[in-house]
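Note that ligands are numbered from 1 as they come in the structure, with each ligand's atoms numbered from 1 the same way. All values below come from the heavy atoms of this structure, side chains included, with hydrogens, waters and symmetry mates left out.
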Amino acid sequence: MSDSKARLSIGDTILELDKLEATVGQPAIDIRRLRADAGHVTFDPGFANTANARSEITYINGAAGELRHRGYQIEDLAINCSFLEVAYLLLYGKLPNRTELEAWELDISTHTLLNEEMRSFFDAFPRRAHPMAVLSSATNAISTFYDVYRRPTRKQEIDSGARTLIAKMPTVAAWAFKKSIGEPYVYPDNNLDYVENFLHMMFTRPVEDVPIDPAVVKALNVLLILHADHGQNCSTATVRAVGSSRANMFTSVAAGMGALWGPLHGGANQSVIEMLQVIHDDPDATIDSTIARAKDKDDDFRLMGFGHRVYSNYDPRARVLKSYAEDVLDRMETSDPLLEIARELEAAALADDYFASRKLYPNVDFYSGIIFRALGFPERMFTVLFAIGRIPGWIANWMEMNSDPDTRIMRPRQLYVGETARDFVPLDQR
Ligand code: CMC
């Protein structure tokens with residue numbers, strides 16, 4: 001048997017399965033013929049051992065705590081790039097040159113306006129609506145204004161859908177926020193750059209001109225880059241799953257937003273702050289009692305912002321954010337008691353054998369909430385900010401899936417453990 005094959009024996013059947021090489025990282029065993037040739041399926045809840053796609057977008061080495069987009073280290077991108085530059089990289093596979101970047105920025109900045117009829121859409125939601133629900137509904141709704149996005153087929157239409165989503169998301173997010181606080185919607189200003197424009201729509205009020213702080217712009221730019229993509233995670237796999245039925249990019253991304261909202265995924269950033277706030281406010285909740293609860297198998301509480309499906313090392317995004325959190329708070333001359341609690345909680349967890357033995361380290365959500373707070377965002381917007389950052393990653397994956405001849409409609413198998421065949425019992429005999 002050559003090295004390019006893996007051998008699997010099931011009873012008397014011996015299968016030789018192809019090994020598929022990765023350019024870097026773990027190779028895969030091609031099991032596509034397994035069911036047909038050996039009458040078995042694989043059992044892998046959560047797909048922790050299953051490659052859902054061939055992808056050229058993002059590489060993660062969980063053991064080393066490494067993250068690269070299109071080959072570039074996340075740390076280099078976070079320090080040197082604008083969010084739109086990274087978005088271009090994710091979508092088109094290369095860093096744009098100056099001319100390409102300027103054209104891309106112009107293209108995005110001239111598509112920020114929502115159709116005026118979308119106003120009534122925001123008006124119809126109750127004030128207390130969570131902005132994530134509004135965001136995902138609006139993402140679906142935008143496509144209804146453009147017939148071509150219902151089933152884009154040509155590259156030009158797909159590129160235009162990508163541009164529309166990236167350009168309009170900050171407007172949607174800011175309007176969802178304004179709705180929730182009962183203030184008038186602020187229209188985009190195309191003279192501002194992407195991040196400035198978002199802050200303008202979020203914080204401008206009819207009664208006062210709120211200046212845009214360059215330190216806030218810089219910090220938010222870094223945060224968006226750190227969230228831009230992360231391989232085949234729950235929301236990205238959802239985007240691909242929905243898109244595999246040839247559903248359009250908008251509805252696929254809207255589904256991804258639903259997956260992101262959960263507290264075990266992007267919703268963790270809001271949950272981290274809620275957890276830190278409880279420790280701060282509740283005299284019965286201490287660092288020790290919080291750690292004890294997280295370790296207690298009879299309590300479903302988890303230490304929010306800790307652990308990761310892929311990283312068995314410090315999440316590189318958390319490392320960037322930890323130093324950034326201190327820097328941002330210093331530069332903004334503000335202090336946050338929750339940052340001190342976060343530091344103590346992290347130190348206590350890292351020193352605890354439960355977390356050490358399970359390789360549970362802080363993830364991106366542990367420090368992002370602290371920075372979002374310092375920048376003036378309310379907690380309910382945290383996952384929305386994650387979503388704005390993740391849009392390019394979702395779209396890049398949708399595009400890659402859409403152009404991959406190996407893509408098949410998502411249709412997992414199951415290990416059926418229910419009743420065997422039963423005789424039907426008429427209603428009056430039950
Ligand atoms: N607190 C306490 N125990 C934990 C935690 C935690 N945060 N995370 C994992 N464990 C334990 C878990 O109970 C299990 O213990 P045992 O071996 O005794 O049964 C062991 O560690 C392995 O856990 P797992 O559930 O198999 O790990 P997973 O890879 O399936 O889950 C996770 C990954 C992120 C869902 C989980 O670590 C978690 O729930 N973390 C808290 C939520 C969170 O911060 N999510 C943000 C993830 S990063 C942002 C993003 O989504 O991209």
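By the definition of a contact as any protein heavy atom under 4.0 Å away, atom 17 (O) of ligand 1 is in contact.
Here N363 has side-chain heavy atoms under 4.0 Å from ligand 1, and that is the only part of it that gets that close. Contact annotation: for H230 versus ligand 1, there are no heavy atoms closer than 4.0 Å. When heavy-atom distances to ligand 1 are checked against a 4.0 Å cut-off, D365 comes that close only through its side chain, counted from C-beta outward. Looking at L360 against ligand 1, only its side chain comes within 4.0 Å, counting heavy atoms.
Less than 6.0 angstrom separates the ring centroid of F377 from the ring centroid of F203. Ring centers of F83 and Y194: under 6.0 Å apart, within the cut-off.
Relative to atom 23 (O) of ligand 1, the option among R302, R309, R358 with the closest non-hydrogen atom is R302. Among R293, K295, H265, K297, the residue whose heavy atom lies closest to atom 50 (C) of ligand 1 is H265.
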### Query
Going through the distances and angles, do T383 and N269 end up as a side-chain hydrogen bond (donor to acceptor under 3.5 Å, both in side chains)?
CA-CA 7 Å; T383 313; N269 54 16; 3.1 Å; yes
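The closest approach between any non-hydrogen atom of Y354 and ligand 1 is below 4.0 Å.
A cation-pi arrangement is absent between R68 and Y59 under the rule of less than 6.0 angstrom and at most 45 degrees off the ring axis.
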